[in-house]
Amino acid sequence: MDITRIHNLDLSYISTFALRCAVDLDITGLIQAYGRPMPLNELARSIPIPPEKDSMLGRLMTLLVNKGIFAQSEAGYQLTPASELILTEGSNMGANVRFTTYAEVIKIWSRLSEVLKESGERSLFEKVFDGKNFWEFTKETPEYGKLFDNAMASLSNALMRELIQSYQPIFDGLNNLVDVGGGTGTAVKFIAEAFPRLRCTVFDLPHVVAKALKSESFDVVAGDMFEKIPPADAIFLKSVLHDWNKEDCVRILKRCKPAPLKFYSWLRPVFWFK
Ligand SMILES: C[S@@+](CC[C@H](N)C(=O)[O-])C[C@H]1O[C@@H](n2cnc3c(N)ncnc32)[C@H](O)[C@@H]1O
């Protein structure tokens, strides 16, 4: 029904913040620690919340069960493959939830129509944050920068093993690889560990690589991909090109040397050149 369509969309932020609430209360960790299906009252006392809030917690859990984040049987709540991704010792995707629900950034979306009506190329971010683009804001707001780094690392934790498995033959015969816009190096760490003879480099802006993982297995190079990208047999661009318009993407790709011979794409945000 059309009324449902509109309502599902205009209230979809409730699901977003229900997930954020589950992350903040570490419901995933508590259910895991319980070791068997966890009844509502046990969950409520473990968080802990006042007893008069138990039914509110029950409604929160019903929503999250409905969304496939948790499973429910008569005995109680259990983890699903989705909530396992949130576990800190798993992919830690709770870090991504904290980043996408950052209060100061969430509230700017209510001004989207203002940006559309305004002439010029300014993004929503630049309008609200005094002309600063996303990357400048991330640099100048260390708390947000850290959330961003952790979120990116969690996504790499969640998908790099599968990506490497899917593309194993592509890596054969490569001597070196540069992960352009590679953040703090989580993705390249997976590649370097899987292919110890491949010399890997993470390349990103100076303030980002300053926080890079310390590892013997890959090199760290600071720079600006619009100016110069270290040459390599393979250039790896994961979740980078979608941040830029067509002209900027062409500028980045022109800096990739040698020029790409082959193009591979795995899921939308992953691009690969060899
Ligand atoms: C969406 S993140 C992706 C990070 C990483 N590839 C991943 O998948 O986890 C985009 C990355 O591009 C980097 N970046 C933005 N502008 C850049 C530039 N001019 N030169 C190099 N890296 C840049 C950011 O610092 C950030 O780490």
Side-chain angles (χ1 to χ4, degrees), residues 85 90-102 105 121 123-126 129 131-164 166-167 177-194 200-213 215 217-232 234-257 264-273:
L85 288 173
S91 299
N92 192 21
M93 279 197 72
N96 195 59
V97 176
R98 288 204 169 92
F99 160 67
T100 52
T101 54
Y102 188 72
V105 171
E121 292 260 332
S123 69
L124 183 56
F125 227 93
E126 287 161 339
F129 292 110
K132 284 180 210 134
N133 69 23
F134 178 82
W135 307 112
E136 287 158 343
F137 180 76
T138 312
K139 183 178 173 186
E140 289 172 20
T141 318
E143 178 191 87
Y144 188 62
K146 192 162 191 297
L147 282 181
F148 177 69
D149 295 339
N150 291 343
M152 292 303 107
S154 75
L155 295 175
S156 288
N157 284 333
L159 67 77
M160 279 309 291
R161 273 196 193 88
E162 200 183 332
L163 181 142
I164 288 169
S166 305
Y167 279 93
L177 169 149
V178 177
D179 182 1
V180 174
T184 53
T186 305
V188 96
K189 181 193 75 168
F190 277 95
I191 299 174
E193 281 170 5
C200 293
T201 301
V202 61
F203 174 82
D204 208 298
L205 294 166
H207 73 277
V208 177
V209 292
K211 298 174 280 180
L213 301 169
S215 170
S217 64
F218 61 86
D219 299 322
V220 175
V221 175
D224 181 344
M225 64 191 171
F226 289 101
E227 288 173 7
K228 189 173 189 299
I229 291 175
I235 301 291
F236 184 69
L237 285 156
K238 173 176 161 289
S239 306
V240 171
L241 295 181
H242 71 284
D243 290 330
W244 304 95
N245 64 27
K246 256 190 289 179
E247 292 74 27
D248 287 334
C249 287
V250 170
R251 284 169 63 210
I252 296 167
L253 296 177
K254 281 189 169 163
R255 295 277 175 268
C256 296
K257 296 281 179 322
Y264 300 89
S265 149
W266 188 85
L267 301 179
R268 190 182 65 85
V270 181
F271 298 84
W272 173 270
F273 293 85

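Both ligands and their constituent atoms are indexed starting at 1 by order of listing.
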In terms of atom number and element, which parts of ligand 1 are under 4.0 angstrom from non-hydrogen atoms of Asp243? 1 (C), 10 (C)
Select one of side chain, backbone, both or neither to describe which atoms of Thr138 lie under 4.0 Å from any atom of ligand 1, heavy atoms only. neither
Which residue from Lys238, Met160, Glu227, His207 reaches closest to atom 7 (C) of ligand 1 through any of its heavy atoms? Lys238
Could you tell me if the side chain of Val180 sits less than 4.5 Å from the side chain of Arg255, heavy atoms only? no
Mind running side chain to side chain contact (heavy atoms under 4.5 Å, CB included) on Asp243 and Trp135 for me, showing each step along the way? CA-CA 10 Å; Asp243 290 330; Trp135 307 112; 3.3 Å; yes
Ligand 1 atoms in contact with Gly183 (distance to a heavy atom under 4.0 Å): 27 (O)
Which residue supplies the protein heavy atom nearest to atom 19 (N) of ligand 1, what is that atom called, and how far is it? Asp224 OD1, 2.8 Å
Proximal atoms of ligand 1 relative to Gly223 (non-hydrogen, under 4.0 Å): 20 (N), 21 (C)
Let me confirm one number: the SG-CG distance from Cys249 to Leu237, rounded to the nearest 0.5 Å. 9.0 Å
Tell me every residue that passes ring pair (Phe, Tyr, Trp, His ring centres under 6.0 Å) with Phe218, counting only those two or more places apart in sequence or in another chain. none
Below 4.0 angstrom, N of the basic side chain to O of the carboxylate: do Asp149 and Lys146 qualify? no
Does Met225 reach ligand 1 with a nitrogen or oxygen that is under 3.5 Å from one of the ligand's nitrogen or oxygen atoms? yes
Determine whether more than 12 heavy atoms belonging to other residues, nucleotides or ligands lie under 6.0 Å from atom NZ of Lys211. yes
Looking only at distances, can you tell me whether any N or O atom of Trp135, backbone or side chain, sits closer than 3.5 Å to an N or O atom of ligand 1? no
Using modelled atom types only, decide if a donor and an acceptor are shared between the side chain of Glu162 and the backbone of Leu159 within a distance under 3.5 Å. no
Side chains of Val209 and Val221 in contact at under 4.5 Å (non-hydrogen atoms): no
If we only consider heavy atoms of Ala187, is any one of them less than 4.0 Å away from an atom in ligand 1? no
Would you say Ala153 touches ligand 1, if touching means a heavy atom closer than 4.0 Å? no
Does even one non-hydrogen atom of Trp244 get within less than 4.0 Å of ligand 1? yes
Report yes if the side chains of Phe203 and Ile229 come closer than 4.5 Å at any heavy-atom pair, otherwise no. yes
Is there a side-chain contact between Val188 and Leu177 in this structure, where contact means two heavy atoms from C-beta onward sitting under 4.5 Å apart? yes
Proximal ligand 1 atoms for Ser239, defined as those under 4.0 Å from one of its heavy atoms: 1 (C), 2 (S), 3 (C), 8 (O), 10 (C)
Need the ligand 1 atom indices (1-based, order shown) with element for anything under 4.0 Å from a heavy-atom of Phe226. 19 (N)
Looking only at protein heavy atoms, identify the closest one to atom 9 (O) of ligand 1 and say how far it is in Å. Met152 CB, 3.4 Å
Would you kindly specify which portion of Ser156 sits under 4.0 Å from ligand 1, judged on non-hydrogen atoms: side chain, backbone, both or neither? side chain
Can you pull out the closest protein heavy atom to atom 5 (C) of ligand 1? Residue, atom name and distance to 0.1 Å, please. Gly181 O, 3.2 Å
Any donor and acceptor pair, going by atom type alone, linking the side chain of Glu193 with main-chain N or O of Phe190 inside 3.5 Å? no
Looking only at heavy atoms, is any part of Val208 under 4.0 Å from ligand 1, and if so is it the side chain, the backbone, or both, or is it neither? side chain
In the structure I gave you, are the side-chain heavy atoms of Thr141 and Tyr102 within less than 4.5 Å of one another anywhere? yes
Could you tell me the residue and atom name of the protein heavy atom closest to atom 18 (C) of ligand 1, and the distance to it rounded to 0.1 Å? Leu205 CD2, 3.4 Å
Would you say Asp204 contacts ligand 1, with heavy atoms under 4.0 Å as the rule? yes
Report the part of Phe148 in contact with ligand 1, treating N, CA, C, O as backbone and CB onward as side chain, heavy atoms under 4.0 Å; options are side chain, backbone, both, neither. side chain
